[in-house]
Amino acid sequence: MVPEIYSKIILKLNDLTKEGKVNWKTTSVPDKFLVSFKDFSLAIWTSYDQNEQAEFTGFELIDPNGKVVDRFSVMDSNKEWGNVTAELYGGARRKALRIDEAVKIISKELGVDEDGDDVPF
Amino acid sequence: MGGIFDNYWRDVLTALGLVFTVGGFTFSIIQIMKTRKIAQDAKNAAVDAQDKIKRNVMLSDISSCEKTVNEVKTLIKDKKYESGLLRINDLIAQLIQVRSFVKGQLGEEEQEFQDSIGQLGIIRGLLDGKMIDKGKELDGKVINETLSKIADRLNGWIGKSKYSITKGA
């Protein structure tokens with residue numbers, strides 16, 4: 001469950017991430033991505049909860065001193081938030097690893113049109 | 001006649017007195033304005049000198065941060081994680097100090113500072129975890145890649161001499 005104080009932020013962040021407007025960055029942890037604002041950073045990652053036997057998306061709030069001051073996680077199976085946070089994680093990952101950009105370039109070089117066919121060889 | 005003469009000279013003296021008073025007043029105003037300008041110039045020069053000192057100290061601090069990043073990279077490479085953790089803490093403190101110099105005067109760089117500190121915070125978390133669980137695997141290569149990016153950013157800041165402090169700040 002997303003804590004109430006974060007709910008609007010998560011929704012807005014998800015919308016802006018979908019529009020490619022959030023500058024997510026890779027970190028030293030392969031599946032953890034970071035976005036920074038003026039005084040705070042927000043990290044997002046995904047993992048598997050052995051007890052629940054399900055995937056979850058985790059969040060950490062990092063203060064201006066580099067300390068994690070808050071963290072929460074949302075099970076992907078959560079009906080209200082699971083889809084949103086999983087989608088946000090996917091968007092953050094694609095942006096940080098420049099996956100959409102790579103797909104666009106490859107599609108252009110292959111001559112794939114918007115319908116996804118028409119490979120020129 | 002003597003009375004009229006006396007009055008005449010008295011008027012002349014009064015007029016002369018008035019002229020000297022007005023002249024003296026004008027002279028005083030001009031002197032005050034000159035003094036104010038000299039004081040203002042001196043203040044501006046002092047502020048400029050202070051800014052230059054601040055800027056040089058800050059560039060020196062950024063350079064010191066960059067050296068610390070390279071030290072941490074060597075420590076991680078040599079798997080000296082405990083020493084690496086101590087130096088990461090030093091590095092974060094150094095960056096916080098540099099940021100305090102330029103707080104409120106940066107644009108996008110505010111986010112870059114925070115990103116560097118956030119990235120270092122994540123590395124600190126990894127090293128902290130390693131201290132608790134010695135058997136935990138750490139990917140030194142990935143950590144050092146992140147540290148290299150931070151070092152590049154620091155070099156960029158030094159190279160571009162981006163942070164000229166605003167006058168009077």
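Below, read A as the first sequence line, B as the second, and so on, with proteins coming before strands; counting in each chain starts at 1.
- No part of K141(B) comes within reach of chain A, as not one of its non-hydrogen atoms sits under 4.5 angstrom from that chain.
- Taking OG1 from T27(A) and CD1 from I143(B), the interatomic distance works out to 10.0 Å, rounded to the nearest 0.5 Å.
- In the displayed structure, E137(B) atom CD is contacted under 6.0 Å by at most 12 heavy atoms of other residues, nucleotides or ligands.
- In terms of hydrophobic clustering, with Ile, Leu, Val, Met, Phe, Trp and Tyr side chains grouped at heavy-atom distances under 4.5 Å, Y89(A) and L97(A) are assigned to a common cluster.
- N23(A) does not touch chain B: none of its heavy atoms, backbone or side chain, sits under 4.5 Å away.
- Under the 4.5 Å side-chain heavy-atom criterion for ILVMFWY residues, no single connected hydrophobic cluster contains both L86(B) and V69(B).
- Inspection of non-hydrogen atoms places I117(B), G118(B), Q119(B), G121(B), I122(B), I123(B), R124(B), L126(B) of residues 116-126 of chain B under 4.5 Å from chain A.
- For D115(B), the parts sitting under 4.5 Å from any heavy atom of chain A are the backbone and the side chain alike.
- When L147(B), V142(B), D139(B) are compared by the number of non-hydrogen pairs under 4.5 Å with chain A, V142(B) comes out ahead.
- Within a 6.0 Å sphere centred on NZ of K8(A), other residues, nucleotides and ligands contribute 12 heavy atoms or fewer.
- Under the 4.5 Å side-chain heavy-atom criterion for Ile, Leu, Val, Met, Phe, Trp and Tyr, I62(B) and I88(B) are members of the same hydrophobic cluster.
- Both V98(B) and L154(B) are part of a single hydrophobic cluster, where members link through side-chain heavy atoms under 4.5 Å apart.
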Got a list of side-chain donor-acceptor pairs under 3.5 Å for residues 46-56 of chain A, not counting sequence neighbours?
unit_1: T46(A); atom_1: OG1; unit_2: E55(A); atom_2: OE1; d: 3.4
unit_1: T46(A); atom_1: OG1; unit_2: F56(A); atom_2: O; d: 2.9
unit_1: Y48(A); atom_1: OH; unit_2: Q53(A); atom_2: O; d: 3.4
unit_1: D49(A); atom_1: OD1; unit_2: N51(A); atom_2: N; d: 2.8
unit_1: D49(A); atom_1: OD1; unit_2: E52(A); atom_2: N; d: 3.0

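- Against chain B, the residues from residues 28-36 of chain A that qualify, each with a non-hydrogen atom under 4.5 angstrom away, are S28(A), V29(A), K32(A), L34(A), S36(A) in number order.
- Annotation for R93(A): atom CZ does not count as buried by contact number, only 12 or fewer foreign heavy atoms lying within 6.0 Å.
- No more than 12 heavy atoms of other residues, nucleotides or ligands shown are found within 6.0 angstrom of CD on E4(A).
- Other members of the cluster containing F25(B) are I29(B), M33(B), with ILVMFWY side chains joined at under 4.5 Å, either directly or via other members.
- Remark: F27(B) CZ is loosely packed, at most 12 non-hydrogen atoms of other residues, nucleotides or ligands lying under 6.0 Å away.
- Connection of I10(A) to L16(A) is established within a shared hydrophobic cluster, with ILVMFWY side chains joined at heavy-atom distances below 4.5 Å, either directly or through further cluster members.
- The choice from Q111(B), Q114(B), K149(B), E145(B) that makes the most heavy-atom pairs within less than 4.5 Å of chain A is Q114(B).
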